Protein chains: 2
Amino acid sequence: MPRKRSISPRKLPKQERSRITVEAILEATTRILTEEGYDKASTNHIAERAGIGIGSLYQYFPNKESIVAALMEQHSNEIAEIVESKLSHLFDRPIEMVIPELIKAAIAAHAINPRLHQVLNEEIPQSERLQQMQQAEKRIAGLLRAYLERWNDDIHPRNLEMTVFILGRTVESLCHSAVLEHPDFITNSQFEREVSDLLLFYLKRTN
Amino acid sequence: MPRKRSISPRKLPKQERSRITVEAILEATTRILTEEGYDKASTNHIAERAGIGIGSLYQYFPNKESIVAALMEQHSNEIAEIVESKLSHLFDRPIEMVIPELIKAAIAAHAINPRLHQVLNEEIPQSERLQQMQQAEKRIAGLLRAYLERWNDDIHPRNLEMTVFILGRTVESLCHSAVLEHPDFITNSQFEREVSDLLLFYLKRTN
DNA sequence: ATATTATATGAGTAATTGCTCGTATTTGAG
DNA sequence: CTCAAATACGAGCAATTACTCATATAATAT
């Protein structure tokens, strides 16, 4: 009977000081990931930069994997919440209004901590990167699908599933790369405008 | 004077048997990366699966980094060549013909070894992933820019640099994700058609 | 004050890592 | 055949890794 490698915390902090310890661990991990990269994020180093003993770290996290998982869930939720809160009001608005807002939201979400987002997305070994990260994308894909279905009379995509995929991937990929590789694109609103056009002409096409 | 960590081979193979050894090393590394992931690719393990001694490995590669770098350059060249050879004939053809071919080429390029492409793109620590990988994208971006300039009278993008970026990123990202996450999309030609529409309506827009 | 629980600690361990170096074998030129 | 150059080898080292455990301190409850 192979014991599953647990991801959940070893024990929950009950006093204030331990809450601070847990926070320090997550903060230190974030700093290391963004400043030094994933391969420098050893548990010993995390404890050191958090200013705690290595033993304390293992009081609350059963293994290294669970620390990164906690960080992913946190970051993933922040992103999904930004997009969801911006789009939830716009369900009955026409697509010309929704798409630009979606793009603005995606850029804002990526601007929280671009480097952390990059490391979490690109540097974590597959085996550790559970579904947690893609969970945000799933939630957003659900929103998009619901929206497209609600406006079915105006948009009528050839293939709903494929359109949701193209929409989601394009927005995510373009905003992600732009924030990291072309911060100059983001300063004015031209980039938003271009990406909006890309998607709007596609969705509104008639044939 | 800090000695730079070299990437180039320690010595060049001069006899046939050493050429075989070098090939075995690269092949074993590819197999490990695709089957077991980057974090299982230790130099000892590579030598073992290549059927050679660890000492032999270090005859031709100064360090682990250089093995991955060699693999990246190889893979990167294969991809760039596929796309370039397909597009070089089409410089004077209209965009309605070129875009679908570009997408077909991109899908074909990603189909060579999708899992290797994924690991090389998503699992290698930033510090090791030199520019070599993005070199293929740079070459392709150059082609796209030249094409857009040649058809400047028909397409007149608002911002050439931004349009090249959007074009390149969208094609790469959609083909990459589709091959890995939606192989069912690839079997028929509907996906090609959809992505073509996405880009064509954008490029041909008049306003 | 005492007992119980929660929290903190870091020396130590077993495993793995990238890599060296002395030595052995094979090859091809003269 | 001779011999220098090319190639192969792998035991072993220093460094790093994830993680344990015995012990100590602090907070809380009674």
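Since the structure is predicted, the reported quantities are computational estimates derived from the model, not experimental observations.
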- Give the minimum heavy-atom separation between B/Ile107 and B/Phe191, together with the two atoms involved. CD1-CD2, 4.2 Å
- Query: Side-chain N or O of B/Tyr58 less than 4.0 angstrom from OP1 or OP2 on D/dC9?
  - Reply: no
- Item | Spacing of B/Asp39 atom CG relative to C/dA15 atom P, expressed in whole Å | 19 Å
- Task: Indicate the atoms forming the closest heavy-atom contact of A/Ile103 with A/Leu199, along with that distance.
- Result: CD1-CD1, 4.3 Å
- Query: Hey, is B/Glu35 close enough to B/Arg115 for a salt bridge, meaning N to O under 4.0 Å?
  - Reply: no
- Kindly point out which of D/dC9, D/dA6, C/dT20 is positioned nearest to the side chain of B/Gln59? D/dC9
- Message: Could you tell me how far apart B/Arg19 (CZ) and D/dA8 (P) are, to the nearest whole angstrom?
- Response: 12 Å
- For atom CD of A/Glu36 and atom P of D/dT16, their distance in whole Å: 14 Å
- How close or far is atom C1' of C/dT17 from atom CD1 of B/Ile67, stated in whole angstroms? 13 Å
- Residue mapping more 5' on DNA chain C - nearest nucleotide basis, A/Arg17 or B/His45: A/Arg17
- Should A/Thr21 be listed as having a side-chain N or O under 4.0 Å from OP1 or OP2 of C/dA8? yes
- Task: Identify the heavy atoms of A/Glu123 and A/Gly37 that sit nearest to each other, and give their distance.
- Result: OE1-CA, 3.7 Å
- Presence of B/Ser42 side-chain N/O under 4.0 Å of C/dT16 phosphate oxygens OP1/OP2: no
- Task: Could you check which of C/dT7, D/dC19, C/dC19 has an atom nearest any side-chain atom of A/Gln15?
- Result: C/dT7
- Item | Atom-to-atom span, NZ of B/Lys40 to P of C/dA15 - whole angstrom | 16 Å
- Message: Does a side-chain N or O of A/Ser18 approach OP1 or OP2 of C/dT7 to a distance below 4.0 Å, or not?
- Response: yes
- Message: Rounded to whole Å, how long is the line connecting atom CG of A/Leu57 with atom P of D/dC21?
- Response: 16 Å
Contacts under 3.5 Å, N or O only, protein and nucleotides 10-13 of chain C:
residue	atom	partner	partner atom	Å
C/dG10	N7	A/Gly55	N	3.1
C/dG10	O6	A/Gly55	N	3.4

- Task: Look up atom CD1 in A/Ile20 and atom CD in A/Gln15, then write down how far apart they are to the nearest 0.5 Å.
- Result: 11.0 Å
- Note on the structure: Taken to the nearest whole Å, CD1/A/Ile25 to P/C/dA8 is 9 Å
- Message: From C-beta outward on B/Asn63, which listed nucleotide comes closest to its side chain: D/dT28, C/dC19, D/dT17?
- Response: C/dC19
- Task: For A/His110 and A/Cys175, work out which heavy atoms get closest and say how close.
- Result: CD2-CB, 3.8 Å
- Item | Set of residues satisfying ring-ring contact (aromatic ring centres under 6.0 Å, His included) with respect to B/His182, sequence neighbours excluded | A/Phe165, B/Phe185
- Item | Atom-pair distance (CZ on B/Phe61; P on D/dA8), nearest Å | 12 Å
